[in-house]
Amino acid sequence: PNLTEVFIMTGHGGLETAIAAMRKGAFDYMTKPIDYDELEINLKRAMEKKVLRQQLDTYVHEMEAANRKLKIQGAQLLQAAKLTAVGELGAGVAHEMNQPLMAISSHLEILLMHTVISADAKLVDKIGKVKDQFIRLGTIIKRLHDYSSGRTGNYLNEPFNRPVQDGVYLF
């Protein structure tokens with residue numbers, strides 16, 4: 001704001017008038033006859049005050065801008081910390097799921113061999129479907145692990161209706 005400094009100059013008045021003027025925002029109070037040296041000093045002080053006020057306004061604006069920037073960076077840092085935590089969780093889950101999946105894979109292979117020997121075509125088909133889903137689950141876990149560890153792979157663009165196809169495939 002561009003404020004104007006007000007000087008009160010009067011030929012009548014005393015201390016009470018001076019105090020009242022200063023309380024209402026006057027920069028200074030002078031009595032007549034005017035002392036031009038005192039007026040010059042007061043004008044210089046008023047100009048210095050204006051410069052200081054402008055500097056203060058500039059600093060306040062700079063601090064407000066820095067504060068806004070700091071808040072944005074703080075929010076970004078928090079988001080990065082959340083993503084890191086999710087990545088670490090994903091890596092842990094992927095690692096823990098791999099062991100049971102390997103056991104399931106081994107048992108599926110054994111079950112498939114016994115079923116082929118017994119020549120039950122429907123059962124062989126169902127076990128094949130379970131194995132396909134097992135392989136798909138292994139791929140999902142690998143992608144989760146790769147993503148959580150920051151690796152990017154060559155991900156295939158799956159058809160949009162893949163979940164529906166997989167659901168129908170299970171029956």
Side-chain angles (χ1 to χ4, degrees), residues 1-10 13-31 34-105 132-170:
N2 190 7
L3 299 176
T4 302
E5 298 300 341
V6 176
F7 292 89
I8 302 295
M9 295 181 202
T10 183
L15 189 57
E16 282 182 21
T17 310
I19 291 172
M22 299 297 276
R23 282 186 178 156
K24 292 190 181 201
F27 180 75
D28 207 344
Y29 181 91
M30 298 174 66
T31 58
I34 301 299
D35 178 348
Y36 289 101
D37 290 334
E38 182 183 355
L39 179 61
E40 183 180 358
I41 291 170
N42 285 338
L43 288 172
K44 285 180 183 176
R45 282 184 34 237
M47 289 189 291
E48 288 172 359
K49 182 179 177 184
K50 184 176 182 176
V51 168
L52 290 173
R53 184 179 288 131
Q54 288 171 341
Q55 289 175 345
L56 179 61
D57 287 345
T58 300
Y59 293 144
V60 166
H61 289 298
E62 288 173 359
M63 291 295 119
E64 287 171 345
N67 189 34
R68 284 189 299 272
K69 185 177 179 181
L70 190 58
K71 284 182 180 180
I72 290 169
Q73 289 174 340
Q76 290 172 340
L77 186 59
L78 180 61
Q79 184 65 24
K82 287 179 183 179
L83 287 174
T84 299
V86 167
E88 289 172 0
L89 176 65
V93 168
H95 176 74
E96 291 300 320
M97 290 180 75
N98 271 330
Q99 290 178 336
L101 281 177
M102 290 303 117
I104 293 169
S105 175
D132 289 346
Q133 292 305 307
F134 165 79
I135 291 169
R136 182 169 173 245
L137 182 57
T139 302
I140 291 169
I141 290 172
K142 182 183 180 327
R143 287 179 182 171
L144 176 63
H145 184 267
D146 289 349
Y147 174 78
S148 65
S149 62
R151 291 184 233 145
T152 55
N154 298 325
Y155 298 112
L156 301 174
N157 288 328
E158 297 284 342
F160 181 72
N161 61 350
R162 173 72 187 264
V164 175
Q165 292 172 344
D166 289 344
V168 170
Y169 176 76
L170 291 174

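Everything numeric in this text was worked out from a predicted model, so none of it was measured.
Expressed to the nearest 0.5 Å, how far CG of N67 lies from CD1 of I72 amounts to 10.0 Å. In this structure, CZ in R53 is found 13.0 Å from OG1 in T58, a value given to the nearest 0.5 Å. Taken to the nearest 0.5 Å, the OH atom of Y36 stands 15.0 Å off from the CD1 atom of I41. Here the CD1 atom belonging to I104 is positioned 8.5 Å from the CE atom belonging to M97, to the nearest 0.5 angstrom. Interatomic distance, NZ of K69 versus CD of E62, reported as 12.5 Å (0.5 Å rounding). Here the CG-CG distance, from D28 to N42, works out to 4.0 Å after rounding to the nearest 0.5 Å.
In this view, Y29 satisfies the ring-ring contact (aromatic ring centres under 6.0 Å, His included) rule with no residue, not counting sequence neighbours.
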Going by atom type alone, with no hydrogens or angles, which donor-acceptor pairs under 3.5 Å involve a side-chain atom of residues 77-85 and a protein atom two or more places apart or on another chain?
residue: T84; atom: OG1; partner: A80; partner atom: O; Å: 2.9

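Considering every non-hydrogen atom in both F27 and K49, the closest pair reads CE1-CD, 3.5 Å. Contact detail for M9 and L39: the closest heavy-atom pair is CE-CD1, 3.7 Å.
Residues in residues 35-44 take part in these salt bridge (Lys or Arg N to Asp or Glu O under 4.0 Å) pairs, two or more places apart or across chains: E40-K44.
In the displayed structure, E16 atom CD is contacted under 6.0 Å by at most 12 heavy atoms of other residues, nucleotides or ligands.
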